[in-house]
Each structure stands twice: as structure tokens, then as C-alpha cells.
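Just so it is clear, the structure is predicted and the values come from calculations on it, not from any experiment.
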Amino acid sequence: MKVVAVNGSPHPRGNTYLAIRMVLGPLEAEGIETEILDVGGRPVHGCAGCSKCLKNGGRCVLGDEEFLSWTDRIEAADGLILASPSYYGGMTGSLKCFLDRLFYQSRRTGAFRHKIGASLCTLRRTGSLTTVNQLNRFLFASEMILAPSSGPGIIHGSLPGEALEDAEGANALRQTGRNMAWLLKMKEATKETVPPPAPEKRVYMNFIRKEAKKD
């Protein structure tokens with residue numbers, strides 16, 4: 001089993017990295033392989049809304065070799081952690097661009113359905129809940145299973161290393177890691193006896209409708 005963490009911070013070894021490590025530690029203690037992808041400091045193009053990935057086997061046509069390598073490793077993993085500092089009350093721009101393309105290209109294949117996920121946010125003071133909610137939207141929309149914790153995946157710190165001083169936040173992130181490991185092992189142990197529900201075809205409805213022609 002493997003869990004991939006996506007680091008949306010442009011500082012690959014800053015507080016967001018420390019928060020990710022707080023979750024990965026308990027996973028590694030349970031024998032689960034982990035990997036961190038540093039996306040935040042890379043120039044990532046946003047989604048063009050062309051929908052060509054839906055006709056291209058779930059592969060973004062804008063994807064360069066690095067992007068496709070990242071997405072292949074993420075889609076092959078059993079669990080996914082999304083982590084970002086709060087920038088103006090939201091995730092970093094490069095991470096948003098990356099996630100838009102990653103999750104849009106997986107719509108047809110259902111690559112993330114029922115995988116185990118978690119979202120983390122580091123911040124100095126405000127914007128944590130909106131950032132975590134933004135990240136969670138990708139997980140919920142893909143029918144992923146979110147690992148529970150006593151806290152919402154938020155840890156405070158401004159200067160590098162200050163996240164280690166948020167004892168309550170660190171406690172909640174370690175809980176996330178332990179619960180994530182448990183869910184992964186439970187899912188693996190029951191895959192033959194408790195099959196997942198079949199996917200249901202998604203139904204779309206537009207709220208703007210053309211008026212009926214009058215005689």
C-alpha cells in the first residue's frame with residue numbers, strides 16, 4: 001500500500017512539509033509506503049477546459065512529462081494527502097492549477113473513487129477553513145473516503161519550524177495518519193468479502209434553460 005502527499009507550498013521544506021510529515025509518520029510506522037510530490041514551487045499550467053482528456057484515456061493533453069509522471073504516481077496510490085499553506089484565504093495558485101487538471105482528467109476513469117484521502121492547511125492566522133474546504137471539494141467530488149480526526153487538518157506557524165510548536169494541531173494530524181492507516185488496512189482486508197458499491201452514472205442538470213418557443 002502507498003500514500004502520496006501533494007505539497008502545494010513553494011517552500012518544499014517549510015511548515016507544510018512538517019505538517020505532511022506528521023501524517024506520514026504514523027503511516028510509515030504501519031508499514032505503508034509514502035511519497036511527497038513538491039508541486040507548489042513548479043510552474044503548472046491551469047486547466048484549459050478543453051475536455052480532450054475525457055477522450056484521451058484520462059490523460060491531460062497539456063501535460064508535460066513531469067505532470068504526467070506526477071499524475072501516474074498519484075492515481076496508482078491507495079491514498080492521497082493534499083496540503084497547502086493559506087494564501088489570501090485559499091490554496092496556492094500552482095496547486096489549484098494542478099488539482100483542476102488532475103481531478104478533471106480522472107472523471108471518466110474514476111481513478112480516485114473510494115481511495116483514502118486527507119487535506120491539510122498551514123497558516124499564520126486566518127484562512128484555514130476555506131483552504132481545507134477547497135481541498136476537500138476535490139476529494140468529495142471524486143467519492144474518496146476522508147480519514148477522520150479530532151481536528152480539521154489545520155496547523156499554525158509562520159516562520160519555518162513554528163508548526164512544530166502547535167501541539168494541538170500536531171496531535172490532530174497524527175490522528176489523521178493513524179486513522180488513514182487503519183482505513184487502508186481495513187479496506188485491503190475486506191476487499192474480497194465486502195465489494196464496493198457499483199458506480200452510478202452521473203446526472204447533469206443546467207439551471208439556465210432556454211425559454212420554450214411561443215406559438
| query | Can you tell me if NE2 on His156 sees more than 12 non-hydrogen neighbours from other groups inside 6.0 Å? | reply | yes
| query | Quick one: CZ on Arg125 to OG on Ser158, what's the gap to the nearest 0.5 Å? | reply | 11.5 Å
| field | Asp64 side chain vs Glu66 backbone, donor-acceptor pair below 3.5 Å | value | yes
| task | Give the C-alpha distance, both sets of side-chain angles, the deciding distance and a yes or no for side chain to side chain donor-acceptor pair (under 3.5 Å) between Tyr104 and Ser51. | result | CA-CA 8 Å; Tyr104 192 79; Ser51 296; 2.7 Å; yes
| request: Evaluate the side-chain proximity of Arg137 to Asn133: yes if any heavy-atom separation is below 4.5 Å, no if none is. | output: no
| query | If you count the non-hydrogen atoms of other residues, nucleotides and ligands that lie under 6.0 Å from CZ in Arg73, is the total more than 12? | reply | yes
| query | Do Glu143 and Arg202 sit within salt-bridge range, that is, some charged N less than 4.0 Å from a carboxylate O? | reply | no
| field | Closest non-hydrogen atom pair between Ala163 and Asn15, with its separation | value | N-OD1, 3.1 Å
| request: Determine whether the side chains of Thr16 and Thr122 contain a donor N or O and an acceptor N or O closer than 3.5 Å. | output: yes
| query | Any donor-acceptor pair under 3.5 Å linking the side chain of Ser9 with the backbone of Gly40? | reply | no
| said: Hydrophobic cluster membership, with links at side-chain heavy-atom distances under 4.5 Å among I/L/V/M/F/W/Y: are Tyr87 and Leu120 in one? | reply: no
| Distance, nearest 0.5 Å, that separates OG1 of Thr71 from CZ of Arg101 | 9.0 Å
| request: Determine the minimum heavy-atom distance between Ser86 and Cys121, stating which atoms define it. | output: CB-SG, 4.0 Å
| message | Please say yes or no: joined through hydrophobic side-chain contacts below 4.5 Å, possibly via intermediate residues, are Met186 and Ile32 part of one cluster? | response | yes
| remark: Note: with side-chain heavy atoms under 4.5 Å as the link, the other cluster members for Tyr204 come out as none
| Which pairs with one or both residues in residues 163-183 pass salt bridge (charged side-chain N to carboxylate O under 4.0 Å, His left out), sequence neighbours excluded? | none
| said: Using side-chain heavy atoms (C-beta onward) and a distance below 4.5 Å, is Leu184 in contact with Val3? | reply: yes
| Is a donor on one side and an acceptor on the other found under 3.5 Å between the side chain of Lys115 and the backbone of Glu75? | yes
| Is any side-chain heavy atom of Pro197 closer than 4.5 Å to a side-chain heavy atom of His114? | yes
| query | Within the distance-only criterion (no hydrogens, no angle test), does the side chain of Thr92 pair as donor or acceptor with the backbone N or O of Gly8 below 3.5 angstrom? | reply | yes
| said: Just to verify, what does Asp78 make a salt bridge (charged side-chain N to carboxylate O under 4.0 Å, His left out) with, not counting sequence neighbours? | reply: none
| Does Ile155 reach the side chain of Met22, with side-chain heavy atoms less than 4.5 Å apart? | yes
| message | Less than 4.5 Å apart, side chain to side chain, heavy atoms only: is that true for Pro199 and Arg113? | response | yes
| Lys55 atom NZ: more than 12 heavy-atom contacts under 6.0 Å | no
| message | Less than 3.5 Å apart, any donor N or O on the side chain of Asn136 or Ser119 sitting next to an acceptor on the other? | response | yes
| message | I need the Leu24 CG to Ile36 CD1 distance, nearest 0.5 Å. | response | 5.0 Å
| Rounded distance (nearest 0.5 Å) linking atom CD1 of Ile154 with atom OG of Ser128 | 3.5 Å
| message | Under 4.0 Å between a side-chain nitrogen and a carboxylate oxygen: does that hold for Arg13 and Asp38? | response | yes
| Candidate pair Cys53 and Val61, rule side-chain contact (heavy atoms from CB on, under 4.5 Å), full reasoning | CA-CA 6 Å; Cys53 59; Val61 297; 5.8 Å; no
| said: Working to the nearest 0.5 angstrom, can you tell me the gap between Arg124 CZ and Glu162 CD? | reply: 10.0 Å
| Atom of Gly89, atom of Thr130 and distance for their closest heavy-atom approach | O-OG1, 2.5 Å
| query | Which pair of non-hydrogen atoms, one from Ala147 and one from Thr176, has the smallest distance, and what is that distance? | reply | CB-O, 4.0 Å
| Roughly how far, to the nearest 0.5 Å, is OG1 of Thr34 from CG of Leu27? | 7.5 Å
| message | Starting from Val203 and following side-chain heavy-atom contacts under 4.5 Å between hydrophobic residues (I, L, V, M, F, W, Y), which residues can be reached? | response | none
| request: For the residue pair Arg21 and Leu173, establish whether any side-chain heavy-atom pair is separated by less than 4.5 Å. | output: no
| query | Which hydrophobic side chains are connected to Phe140, either touching it within the sub-4.5 Å cutoff or through other members that do? | reply | Val4, Val6, Leu37, Val39, Val44, Phe67, Leu68, Trp70, Ile74, Leu80, Leu82, Met91, Leu95, Phe98, Leu99, Leu102, Phe103, Phe112, Leu135, Phe138, Leu139, Met144, Leu146
| message | Pro148: which residues meet the side-chain contact (heavy atoms from CB on, under 4.5 Å) condition with it, sequence neighbours left out? | response | Asn179, Leu183
